[in-house]
Amino acid sequence: MALRPNPTLRQRRIGAELRRMREQAGFGGSHLARTLGVTPAQVTQMENGKTGVSVERLRAIAAACMCANQPLIDAIADMIGERGKGWWDEYRPSLTTDLLDVAEIEGHAERISTYTITFIPGLLQTPAYAASVFARAIPPLPQSEIDLRMAFRLQRQHIVRSGSTPYTAFVHEAALRMQFSGPTVLAKQLGTLIHDSESPGISVRVVPFDIESLPGPSENFTYINGPVPELDTVQIDFSFGCPLFDAPAQLASYREILARMESVALSEEDSRDFIRSVMKEIENKHG
């Protein structure tokens, strides 16, 4: 079987879970290879997502590694059985892998939660606001690249604006006040944010300046729930990319951060009132 030159995110995640099973059992690649009757190179290729894994092979690996987590095994089996391409695949020749990975993982999410401190969450941005965010990139993006990313983002937004995937956005007050293209664009963005917060499946919670302490990191992040907790993923926003993390300790830390956000953020109704007050303040000041 030919090796995959560029495994998709899902294919890489299946491989990573197989590696995790092996490591938790305390086996080296050579030991597992002997048990399965394959070469160590084949084990490496499966764990890198370079080679496909059948459901039968998955269950053989789980049995060899004494993995008794049946919900996890069944969830991985469902991933293996997936067929067809996602809408994001049409962008594969023209966008970076990290952007495609984010869309792919969102497309399979059971639930999505975000925390932003520097801008309105991308899944709820208006076209004018998003364009201004893209335009501030360093080095500057050509207009054709901005247009491409805009089209891509609008398609990503469908999963939450359609109500198909439950979405919670924790938005720091700083993000509500940060201007990317002037007060008019910001005021319209805040109005849209209020409207979105009243839509089915979307929850917007404001984290105000006057809380006693920030309950999480200073960077924006997204927590994506998979079919079982072990298949959750965290995506961090950095200026140079948006890396993904799925180690159990990392997932546990961000679950705790989200729990703390829940305890300090304003309620949904109080958040709408707060956003309205900021929007009116901006309109009155610059109107």
Side-chain angles (χ1 to χ4, degrees), residues 8-14 71-72 74-92 95 97-116 119-130 133 148-171 175 189-206 220-237 242 244-246 251 254-255 258 261-262 265 267-269 271-272 275:
T8 66
L9 172 69
R10 301 281 276 180
Q11 292 164 346
R12 300 196 306 273
R13 184 61 183 271
I14 290 169
L72 173 62
D74 291 342
I76 298 173
D78 289 341
M79 292 169 65
I80 290 172
E82 292 170 356
R83 294 292 182 269
K85 293 185 176 183
W87 63 263
W88 49 87
D89 285 300
E90 66 182 270
Y91 289 90
R92 216 164 272 285
L95 286 177
T97 299
D98 57 349
L99 293 176
L100 295 167
D101 285 350
V102 169
E104 183 176 356
I105 201 167
E106 288 172 347
H108 292 285
E110 298 290 323
R111 171 179 290 277
I112 300 172
S113 302
T114 59
Y115 168 68
T116 56
F119 48 70
I120 303 302
L123 292 176
L124 299 179
Q125 289 178 4
T126 64
Y129 185 96
V133 173
L148 179 66
R149 294 190 179 207
M150 283 290 301
F152 186 70
R153 174 158 293 181
L154 290 176
Q155 285 195 261
R156 281 179 54 211
Q157 290 179 346
H158 179 72
I159 61 171
V160 296
R161 287 205 163 117
S162 67
S164 61
T165 303
Y167 178 63
T168 299
F170 292 101
V171 185
Q189 171 64 79
L190 296 180
T192 298
L193 186 62
I194 294 169
H195 179 269
D196 284 336
S197 74
E198 297 171 330
S199 301
I202 296 179
S203 173
V204 176
R205 306 275 304 278
V206 172
N220 307 319
F221 72 87
T222 300
Y223 193 98
I224 303 99
N225 291 83
V228 293
E230 294 85 352
L231 294 178
D232 291 354
T233 307
V234 174
Q235 177 250 313
I236 309 294
D237 278 339
C242 39
L244 303 173
F245 302 94
D246 54 37
L251 296 177
Y254 278 89
R255 288 191 195 107
L258 286 175
M261 290 286 181
E262 286 275 359
S267 68
E268 293 181 8
E269 189 56 45
S271 292
R272 278 190 282 271
I275 297 168

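All values derive from a computational prediction rather than experimental measurement.
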### Message
Just to verify, what does Glu198 make a salt bridge (Lys or Arg N to Asp or Glu O under 4.0 Å) with, not counting sequence neighbours?
### Response
Arg276
### Message
Is any side-chain heavy atom of Arg13 closer than 4.5 Å to one of Arg10?
### Response
no
#### Entry: Plane angle bin for Tyr91 and Phe152 - parallel if under 30°, tilted between 30 and 60°, otherwise perpendicular
perpendicular
### Query
Going by distance alone, is a donor N or O of one side chain under 3.5 Å from an acceptor N or O of the other, for Tyr167 and Arg161?
no
#### Entry: Close side-chain approach of Leu251 to Tyr223, heavy-atom, < 4.5 Å
yes
### Query
Which atoms form the tightest heavy-atom contact between Ala169 and Leu124, and what is the distance?
CB-CD1, 4.2 Å
### Task
Using the six-membered ring wherever Trp is involved, compare the ring planes of Tyr254 and Phe221 and label them parallel, tilted or perpendicular (cut-offs 30° and 60°).
perpendicular
### Task
Determine, for Glu262 against Arg205, whether the closest basic-nitrogen to carboxylate-oxygen distance falls under 4.0 angstrom.
yes
### Task
Would you name the heavy atoms of Asp246 and Asp232 that are closest together and state the gap between them?
CB-O, 3.8 Å
### Message
Are Arg12 and Asp101 packed together at the side-chain level, in the sense that at least one heavy-atom pair is separated by less than 4.5 angstrom?
### Response
yes
### Task
Apply ring pair (Phe, Tyr, Trp, His ring centres under 6.0 Å) to Phe170 and list each qualifying residue two or more places apart in sequence or on a separate chain.
none
### Task
Apply ring pair (Phe, Tyr, Trp, His ring centres under 6.0 Å) to Phe119 and list each qualifying residue two or more places apart in sequence or on a separate chain.
none
